[in-house]
Asker: 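Could you have a look at this structure, given as structure tokens, before my questions?
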Amino acid sequence: MKYEGMIFRPPSEAESLILQVTVGCSYNRCTFCGAYQGKSFRVKSFEEVKEDIDEVSCYGSRIDKVFLADGDALAIPQDDLMRILEYLGRKVTGLERVGIYANAKDILRKDVKQLEVLKDLNLGIIYLGLESGHREVLKRIKKNATIDQMIRAARRVKEAGILLSVTVLLGIGGLEYSEAHAEETGKVLSEMDPDFVGALSLMVIPGTPIEKEIVSGKLVLPTPFGLIRELELMIQHCRFTKCFFASNHASNYLPLRIQMPGEKEEALRRIREVLRKKNPALLRPDFLRAL
Ligand code: SF4
């Protein structure tokens, strides 16, 4: 397999074969994101991708999950993506599910029928970064999508029968918007009603615009217990049909795995207990958070 640069994938794709079909992110301007710094976006040619698929095809029956990297591979034009998925399905005979990162605009460029076609070609899960449900925060971090677009994109994915996993970022609103960010994010997540939510804590990547805001004092980050208070408020405002909500990412101080709505109250009870005791020993230590 020929990978260009660092490869990122969602934690839940740890067992998947990573097939790099694009390089970098077509947008690449979110202020907190350093994942694809220095990578110019390009869609790999079909011949390049085919070569990688051919290389693994001898293990075809043993590969059940594939993740298409990089940052927003759903930006690939529909016909080209269909061609890749068709070929992958033919060569990887054990294939059950393909996952992909997407931003809201990539999704909205496709109608439900097009997404259904991709689903029939094994596209089983889309990972979408909401980061914040607060309008001002979303604008400040230059997320390149409005709340309305995020919600419409989420509904379109679900209407096509594809699983939706949404990522949000604790701390991204700074102290100024801390509580409002948490509450609004919980409400917007409820409107999106995804199958999975991953709550991560903001990790400041050197060289990113958000690092400059922090160094200049423009953005002040909440304390670890401030982040846990955000988690509490967010969960409190979430109303899901059926969702697995996880804060067990390595960036978080309090790892939780919650089946919503059933385990919501128990999770809130646990979070409030931690907030009441304010004992740092109850938190994941910083050296274990180093990613
Ligand atoms: S869209 Fe995603 S990958 Fe691209 S810059 Fe923003 S957070 Fe990073």
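One-based numbering, in listed order, for ligands and for the atoms of each. FYI, side chains are in, hydrogens and waters are out, and symmetry mates aren't considered; it's all heavy atoms of this structure.
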Asker: Between the side chains of S247 and N252, does any donor sit under 3.5 Å from an acceptor?
Answerer: no

Asker: Quick one: which of N28, T31, T208 has a heavy atom closest to atom 5 (S) of ligand 1?
Answerer: N28

Asker: Answer with side chain, backbone, both or neither: which part of K143 has a heavy atom less than 4.0 angstrom from an atom of ligand 1?
Answerer: side chain

Asker: What about F8 and Y36, are their ring centers closer than 6.0 Å?
Answerer: yes

Asker: Answer whether the closest heavy-atom distance between the side chains of I172 and I210 falls below 4.5 Å.
Answerer: yes

Asker: Side chains of L256 and F245, heavy atoms from C-beta outward: is any pair under 4.5 Å?
Answerer: no

Asker: Of the backbone atoms (N, CA, C, O) and the side-chain heavy atoms from C-beta on, which set of F32 has a member under 4.0 Å from an atom of ligand 1: side chain, backbone, both, or neither?
Answerer: side chain

Asker: Can you check whether E131's main-chain N or O pairs, donor with acceptor, with K143's side chain at less than 3.5 Å?
Answerer: no

Asker: Would you mind checking which non-hydrogen protein atom is closest to atom 3 (S) of ligand 1, with the distance to 0.1 Å?
Answerer: Y36 CE1, 3.6 Å

Asker: Below 2.8 Å, can you find an N, O or S atom of C25 next to atom 4 (Fe) of ligand 1?
Answerer: yes

Asker: Indicate, with yes or no, if the rings of F67 and Y101 have centres closer together than 6.0 Å.
Answerer: yes

Asker: What is the closest protein heavy atom to atom 8 (Fe) of ligand 1, and at what distance does it sit?
Answerer: C33 SG, 2.4 Å

Asker: Using a strict cut-off of 4.0 Å, indicate which atoms of ligand 1 neighbour a heavy atom of R29.
Answerer: 5 (S)

Asker: Of the protein's non-hydrogen atoms, which lies at the shortest distance from atom 6 (Fe) of ligand 1, and what is that distance?
Answerer: C30 SG, 2.3 Å

